[in-house]
Asks: 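The structure that follows is given in the form of structure tokens.
A note on names: the letters A, B, ... follow the listed sequences, proteins ahead of strands, and every chain is numbered from 1. Just so you know, these numbers come straight off a predicted model, no measurement behind them.
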Amino acid sequence: MQKRSKWLKIAIVISSFCILTSCGVETKQLERLGLITAIGFDLKKENEINGTVAVSKFDPMAKVMTNVISANANTLQTLRAEENLAIDQRLEMGQLRCVIYSKELAEKGIIQLVNALNRDPTVGNMVYLTIAEEDASSIIKMDEKKIKVNIGTYLYNLIRQNVERELLISPTLHEFNHKFFDNGQDPVLPILQVKKDKVAISGVALFNDDKLAARLSNDKLFYLKLLTDEYRTGSKELEFDREEFSNIINTQGGKSFGEVYNKLFLSIDTLRSNTKIKLVDKKNIRFKVEVKMDSRLLETTNYLELGKTANMKFIEKKVNQEMEKQIKKLLLFFQEKKVDPVGIGNEYMAHVRGKPMTQKEWKELYKNAKFDVQVKNTIARTGTMD
Amino acid sequence: MFKWLSGKKAEETPKVHSLDLEELKEQLKTELNVGADLVFRTLKRDGEKLIFCLIDSLIDSTKLDEVVIKSIMNHKEIEWTCEGISKVLPMASIHAVNQLGEVVQGINQGKVYIYSEGQPYGILADVSKNLVRGLEKAETESLVYGPKISFTESLQSNINILRNNIKDEDLCTEDLTVGRRSKTKAKIVYIRGIADEQIVNTFKQRLNELELDYIPGTTVLGQYIESNSWTVFPQLMTTELPDRISIALYRGKVAVLMDRSPDALYGPTSFFAFFESTEDVYMRWNMGLFLRLLRLVATFISVLLTPAYVAVLTYHYEVIPSPLLLSLGESRARVPFPPVFETLLLEFVIELLREAGARLPTKVGQTIGIVGGIIIGQAAVQAGFTSNILIIILCLSALGSFTTPSYLMGTAIRLIRFPIILMAGLWGGIGIMIAFCFFIIHLLRLETIGGPYLTPIYPARIKDIGYSFFKLPPQYFSFRPITNRTKDKERFPKKKAKQKKDVDE
């Protein structure tokens, strides 16, 4: 009896092995695939989008080639099917690095296309989402000879490098989803622009829901990142009137230097920051924004007397005031455009009990919110002097 | 109940050999059947006849001439009786016998049978010649650091080396005979008071219950006494290093040595023991730790790297990082086979090279290495037979499997790679996982001489991890491995080890 059950077991194992083998997992051999590394979406006309893909493909005879294919469709699936007809290798999304939406499309909403990426298990969470200043296809169609690498890889490196240098807020699919589905925060994506055969980041797009609502230039981005994130080694240039600093400008024995500009520019770097946003008054929706920083003063356009403590205190005060002003301006700008990339809504919702708030309800309250901004910057070092 | 026992006894009824010399000769000739090797030498004195019976090829003829015959001839006054002769023989090992069976056995072992006609007893004197090769460096387990002496084929000299290493009165060497027909001598070696009796008894029981005609060596003996003979993993370690045995004995293990076998067998040995080298012990602890971890990582790579290549290139192209994507794709694009087939082909080539190199004499073997490594490797890539990245990966895993100190375990690791590669080709990452889990479960279920095979990991013996996985500074090893359940648990007093005294204290 026992012997029979043993044989039965072996038979089950073997037969299940055979059956499962014949189920056949779909093989995707690398060299037989056309790997989409970047997709650009444009709004073609009503109810139709135009998708352009950059495809890396491997040929036994030639080096790695990038093909650009373009097609019109309503959904991502059919778009891929259409494009598949135009190439000798099977198109796959697994190596997607960068997605570009045209500004026109972004103004009407992009969530249906983002969702298509979300549902595809082969698409990673670390895909970068971007917005094109003009049409997306012109970026994808950029001549590969001029940027030397595949456009997908180029864009990926462009964004990653800037995110690592803390010049950009990370625009991954994961982060977009998080901020989009979060009722108290709105997503932010970088804007790409073709400049003289090169693609560059020209600013960031602020979203209200999934619709592009406003844009922010690169220099303002610093304050946005300061509010949403922590800096480890940031840097910032600040602009002042020279007159205000006349007391501490070192004239170097009567000679005057640095008169190229009629203003005074300070540049601080190795900046570490920590920002806290607190709901101070629930009724009047008043927030206190506290920014703590320490940094190094590296560059000034005029010689400053940095040896004295009083002077340093003065500079710190000036920097604080300037930053407070800018941050306040930025927050009011956000309020005006009804966008909340900082996540102030989250802070509010964390302190108010009751039913979970919808995005709409929050935006109604957001209009009347007030902010007190306090920046505490310590200049810890002033660079090496001989 | 004892029917079989009594039956066997009846077969070997004691039989006194013939008292007549001519008849004795005939009896021996028929019993031994060794042709001209059986030599008789007769001495005569006043009608008395003394006969020496021996096998020519087994004895040391100078010993026979100088010691036995000379001393008998020089003492003319003695009586040629059993007592008389034994008085003049300057030898320690002599026996008085008269059973035909014993005489035959004695002569077969290289003794000389001295018999005076008409006497009730004759004398068996040991004049055997043992052909021993000199002590040499260890061949299969080569070392950079530490003692390099290795065991030889002679049990006697092996025990001698071991006894010189360990001058412990508690070192027990119990005699055994292995092989019903070959009657090879063997010894169970352990240290009384350290080795667990249960382990010793298990060894004894398994060895005594063997009913084999002949066993060629300890490696084969190990295969007969281990618990699971279906698995690829060896469960008992064989080594040719005497110091390795000494270290093992003091950790509470039991060794078996066999005559005519240059390897000693010892156990219980867990899976991780096969990755230990004596070098780890002799080196400083941090170097030993590094080497040990290196070996474990190498093994892991060796088992999983090629399957991972197959799985990634056949199913999971998503996980390839973009800097690697281009070079991988470019080198794969020229290969006409699917990745599984490509990998199996190249693995086959590497195994061929290894086998060819091992079978050939050293000088030709090197040529094979060059031919295989450079020419085939280079040509295969240029011809578009394989991708060059696969060659790198395969060489890594081949190297990884060669780092294992135990040759048996190294081969086992190379073997289990093939099913995993096949599964990776069938089901990708899931296939690797299934195959790997199968092997883990299999290892968990294995046992070595009644003990668990994956021991410091499962069952977890955290203290023992320092003995097999990691190494720690020597003062922390005041205890013997817990898994071996030694009777004497402490190696040295723990507290004293931590004091560092100066001369004047």
Side-chain angles (χ1 to χ4, degrees), chain A residues 13 16-38 54-66 88-98 120-128 144 148-157 159-160, chain B residues 230 307-343 381-390 393 419-435 437-438 441-442:
Chain A
V13 167
S16 65
F17 192 84
C18 295
I19 291 166
L20 283 173
T21 311
S22 61
C23 279
V25 193
E26 207 181 0
T27 60
K28 292 171 180 173
Q29 277 182 36
L30 179 69
E31 70 277 6
R32 296 187 188 164
L33 303 177
L35 301 171
I36 299 177
T37 52
V55 182
S56 286
K57 57 184 288 244
F58 310 107
D59 271 313
M61 291 306 136
K63 285 226 150 206
V64 182
M65 296 195 310
T66 307
D88 63 337
Q89 287 179 327
R90 178 173 150 179
L91 286 184
E92 280 294 337
M93 298 268 278
Q95 284 283 345
L96 188 65
R97 297 278 176 236
C98 192
D120 191 342
T122 58
V123 176
N125 255 334
M126 298 303 282
V127 173
Y128 287 136
E144 200 179 291
K148 298 281 193 287
V149 286
N150 180 292
I151 183 72
T153 318
Y154 177 82
L155 292 177
Y156 177 74
N157 288 338
I159 295 166
R160 197 191 56 182
Chain B
W230 286 97
Y309 171 86
V310 173
V312 164
L313 283 187
T314 341
Y315 297 101
H316 316 293
Y317 69 97
E318 299 97 341
V319 302
I320 306 171
S322 51
L324 201 63
L325 185 70
L326 297 184
S327 51
L328 255 183
E330 225 171 289
S331 65
R332 267 295 300 168
R334 301 180 63 222
V335 182
F337 317 115
V340 207
F341 191 67
E342 182 198 8
T343 311
V381 172
Q382 276 182 357
F385 224 55
T386 53
S387 68
N388 37 22
I389 289 174
L390 177 65
I393 288 176
I420 302 184
I421 289 174
L422 271 178
M423 290 298 275
L426 274 180
W427 295 331
I430 300 164
I432 295 181
M433 215 49 231
I434 291 172
C437 286
F438 173 81
I441 293 167
H442 176 66

Asks: Hey, does the side chain of B/Glu318 reach the backbone of A/Pro121 with a donor-acceptor pair shorter than 3.5 angstrom?
Replies: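 No, the answer is negative, given that no donor and acceptor are paired below the 3.5 Å cut-off.
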
Asks: In terms of heavy-atom contacts, does CZ of B/Phe337 have more than 12 from other residues, nucleotides or ligands at under 6.0 Å?
Replies: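 More than 12 within 6.0 Å, yes.
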
Asks: In terms of heavy-atom proximity below 4.5 Å to chain A, should B/Pro338 be classed as side chain, backbone, both, or neither?
Replies: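 Contact with chain A: backbone and side chain both.
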
Asks: Please give me the minimum heavy-atom distance between A/Arg97 and B/Pro321, naming the atom from each residue.
Replies: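 Minimum heavy-atom contact is NH2-C, 4.2 Å.
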
Asks: Sequence neighbours left out, what passes side-chain contact (heavy atoms from CB on, under 4.5 Å) with A/Ala54? Give chain and number order.
Replies: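 side-chain contact (heavy atoms from CB on, under 4.5 Å) check on A/Ala54 returns A/Thr37, A/Ala38, A/Thr66, A/Ile140, A/Ile151.
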
Asks: At a heavy-atom separation under 4.5 Å, does A/Glu31 approach chain B through its side chain, its backbone, both, or neither?
Replies: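 Interface part for A/Glu31: side chain.
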
Asks: Please assess B/Leu325 against A/Leu30 for the test side-chain contact (heavy atoms from CB on, under 4.5 Å), listing each intermediate value before the final yes or no.
Replies: CA-CA 9 Å; B/Leu325 185 70; A/Leu30 179 69; 3.9 Å; yes

Asks: A/Glu92: what forms a side-chain contact (heavy atoms from CB on, under 4.5 Å) with it, not counting sequence neighbours?
Replies: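 Expected list: A/Lys28, A/Leu33, A/Leu35, A/Arg90, B/Tyr317.
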
Asks: Can you tell me if B/Ile430 has over 12 outside heavy atoms packed within less than 6.0 Å of its CD1?
Replies: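 Incorrect, the count does not exceed 12.
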
Asks: At what distance, to the nearest 0.5 angstrom, does CG of B/Leu313 lie from CZ of A/Arg32?
Replies: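 Output value for this atom pair is 12.0 Å.
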
